[in-house]
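Side-chain atoms are counted along with the backbone in the values below, which use heavy atoms only and exclude waters and symmetry mates. Quick caveat: nothing in here was measured; it's all calculated off a predicted structure.
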Amino acid sequence: MATDQPQSDGAPSETYSEFATRVKRIANVSNAAGILQWDQEVVMPDEGTPARAQQLSTLSSISHELLTADETGELLEELESAALTDEQAAVVREVRRRYDRETSVPQELVEEISETTANAHPTWKQAKAEDDFETFAPTLEKLVELKREYAHHIDPDADPYEVLFSDYEPYIDLETAEGVLERLRDELVPLIDAIDESDAELTTDAFAGEFDDDDQETLARDVLDSLGYDWSRGRLDTAPHPFSSGTQFDARVTTRFEEDDLLGSITSTIHEFGHANYTLGLPDEGYGTPLGEARDLSVHESQSRLWENHIGRSRPFWEQFLPTARGRFPGLEDVTSEDAYEAANQVHDDNLIRVEADELTYHLHIVIRFEIERDLIAGDLAVKDVPEVWNDKYEEYLGVRPETDAEGCLQDIHWSHGSFGYFPTYSLGSVLAAQLYAAAEDELGGLDARIREGEFDDLNGWLRENVHQHGKQYTTQELIERATGEELTADHFLEYVTAKYGELYDLEV
């Protein structure tokens with residue numbers, strides 16, 4: 001995949017080469033900031049925040065200055081009227097979009113947002129540990145105000161939440177996202193109600209017990225080995241809120257261990273593997289340009305959800321992986337693969353935590369966050385009222401009410417990052433995961449048999465060919481259509497969960 005070679009019919013090689021050099025400098029500054037952010041969340045000493053906030057603010061400022069410089073605008077103007085390869089044109093399109101947005105935002109605001117989010121992380125962490133929303137509330141209020149101001153600078157006539165959503169998903173409009181969320185809510189609620197009324201008795205205690213953290217880490221490494229994680233370009237660490245970050249040369253995984261939740265550490269590790277696997281599948285030769293970057297968050301989440309749910313929660317996966325788990329934890333010797341499969345797919349009627357939710361109720365967790373943050377950005381909800389509104393919505397949508405802020409509105413890290421508009425991409429990713437998996441099954445056939453044998457090369461090869469290798473060459477909808485032959489649709493996800501949970505819970509579907 002060429003990133004800087006012109007067509008033979010006169011594409012301006014010197015201009016594009018200068019442009020590509022500038023783009024790569026911007027990417028390297030951003031990637032360096034990413035390593036510092038990883039360090040802050042994983043290994044940085046507790047008292048390192050003041051210096052780290054300044055470091056990240058400086059890097060953000062440098063990146064912003066490089067991108068918004070007059071030289072960047074002049075190069076973009078010259079290249080947009082030039083004869084370019086399809087790949088070069090894609091790079092120009094992606095950089096132009098970023099340039100237009102960032103030149104709309106004052107430098108002082110960029111720096112203030114960066115420094116505020118860097119300081120917000122330890123504040124959120126403390127508030128969660130102490131179960132005290134009031135500790136975090138002033139920071140959240142400031143972030144909401146800063147993000148409103150940010151959106152206004154980009155497009156003063158647009159819905160500010162729509163502007164923020166497009167930071168994470170630029171090529172799926174908010175109306176489409178809302179339509180997906182509404183359809184999931186409307187069709188999953190009756191399915192969940194039927195499950196609640198079912199007399200089926202699933203094995204839910206297959207992984208009951210206490211499990212040493214060190215042994216859990218060893219098993220997590222077994223999971224990553226099983227799936228084909230490239231340790232020469234990655235590593236495993238722990239973080240309070242698991243995440244994956246990096247580049248195609250260094251894609252790191254974090255997970256978390258709780259002594260009474262072995263299954264949670266396994267699914268979390270598989271989820272983050274999906275993210276890292278996508279990053280590692282991006283073309284090496286595209287590094288430093290949009291051609292070597294992931295196609296935004298919905299596609300990224302589709303990869304983590306595909307591996308976590310369609311593979312890690314499948315019956316064939318537990319048939320092949322359970323013996324490994326038994327080898328690490330002899331107390332699981334009486335657990336069958338069917339027990340493990342049922343435990344991994346239990347639909348909870350009392351779950352408060354998004355990252356611990358099952359495939360069905362998970363989307364109601366997303367709807368709640370979506371509704372709250374939309375109201376916050378619109379000014380229809382005061383920050384001080386977030387805990388009560390959060391708790392009311394959980395009671396209304398999920399039939400449970402958080403007793404603490406730590407298990408309620410402080411459970412997610414996203415708002416401390418200023419990531420308003422991020423949450424819908426989780427549901428979009430789940431929908432796309434099912435669509436991609438169905439397309440892979442149609443083309444490859446026999447995926448269950450491959451999973452049962454622990455053979456993932458064919459599926460991963462299909463994902464590399466149809467998703468990973470393209471980076472940002474195509475828009476999201478173009479990429480989906482090229483990979484699956486149809487536009488984004490919730491059909492495959494709803495068919496998948498209806499069949500799967502209908503069978504598990506003996507439903508008439």
Has the side chain of [X] got a donor or acceptor atom that lies under 3.5 Å from a matching backbone atom of [Y]?
| X | Y | value |
| --- | --- | --- |
| Arg305 | Val431 | no |
| Tyr278 | Ser304 | no |
| Asn277 | Phe273 | no |

* List the steps and the verdict of side chain to side chain contact (heavy atoms under 4.5 Å, CB included) for Thr289 and Glu87. => CA-CA 10 Å; Thr289 80; Glu87 292 167 351; over 6 Å; no
* Centroid-centroid under 6.0 Å between Tyr394 and His365 rings ->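 They qualify: ring centres under 6.0 Å apart.
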* Measure centre to centre between the rings of His417 and Phe243, then say whether the value is under 6.0 Å. =>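 When the ring centroids of His417 and Phe243 are compared, they turn out to be at least 6.0 Å apart.
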* For side chain to side chain contact (heavy atoms under 4.5 Å, CB included), just list the numbers for Phe133 and Val383, CA-CA rounded to whole Å, side-chain angles, deciding distance to a tenth of an Å, and then say yes or no. => CA-CA 10 Å; Phe133 179 77; Val383 166; 3.9 Å; yes
Determine the minimum heavy-atom distance between [X] and [Y], stating which atoms define it.
| X | Y | result |
| --- | --- | --- |
| Ile154 | Val105 | CG1-CG2, 3.9 Å |
| Ile270 | Gly312 | CD1-CA, 3.9 Å |
| Cys409 | Val386 | CB-CG1, 3.9 Å |
| Pro242 | Glu272 | O-OE2, 3.3 Å |
| Trp415 | Trp390 | CH2-CZ3, 3.9 Å |
| Leu432 | Ser298 | CD2-O, 4.2 Å |

* More than 12 heavy atoms from other groups under 6.0 Å of CD on Glu80 -> yes
Measure the spacing between [atom1] of [X] and [atom2] of [Y] and express it to the nearest 0.5 Å.
| X | Y | atom1 | atom2 | result |
| --- | --- | --- | --- | --- |
| Gln55 | Thr49 | CD | OG1 | 10.5 Å |
| Arg185 | His363 | CZ | NE2 | 13.5 Å |
| Lys142 | Leu140 | NZ | CG | 13.0 Å |
| Ser57 | His64 | OG | NE2 | 11.5 Å |

* Asked: Do you know which of Thr476, Leu488, Asp296, Leu297 makes side-chain contact (heavy atoms from CB on, under 4.5 Å) with Leu428?
  ->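 Checked Thr476, Leu488, Asp296, Leu297 against Leu428; only one passes side-chain contact (heavy atoms from CB on, under 4.5 Å): Leu488.
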* With side chain to side chain contact (heavy atoms under 4.5 Å, CB included) as the test, would you mind laying out the steps for Glu356 and Asn351 before giving the verdict? => CA-CA 8 Å; Glu356 298 172 2; Asn351 180 265; 3.8 Å; yes
* Take Ile368 and Leu398 through the side chain to side chain contact (heavy atoms under 4.5 Å, CB included) test and state the conclusion after the steps. => CA-CA 10 Å; Ile368 290 168; Leu398 289 164; 4.2 Å; yes
* Pick out which of Arg96, Arg98, Arg97 makes a side chain to side chain donor-acceptor pair (under 3.5 Å) with Asp100. => Arg96
* **Within 45° cone of Tyr426 ring axis and under 6.0 Å: Arg369 NZ or CZ** =>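 No, a cation-pi geometry is absent between Arg369 and Tyr426.
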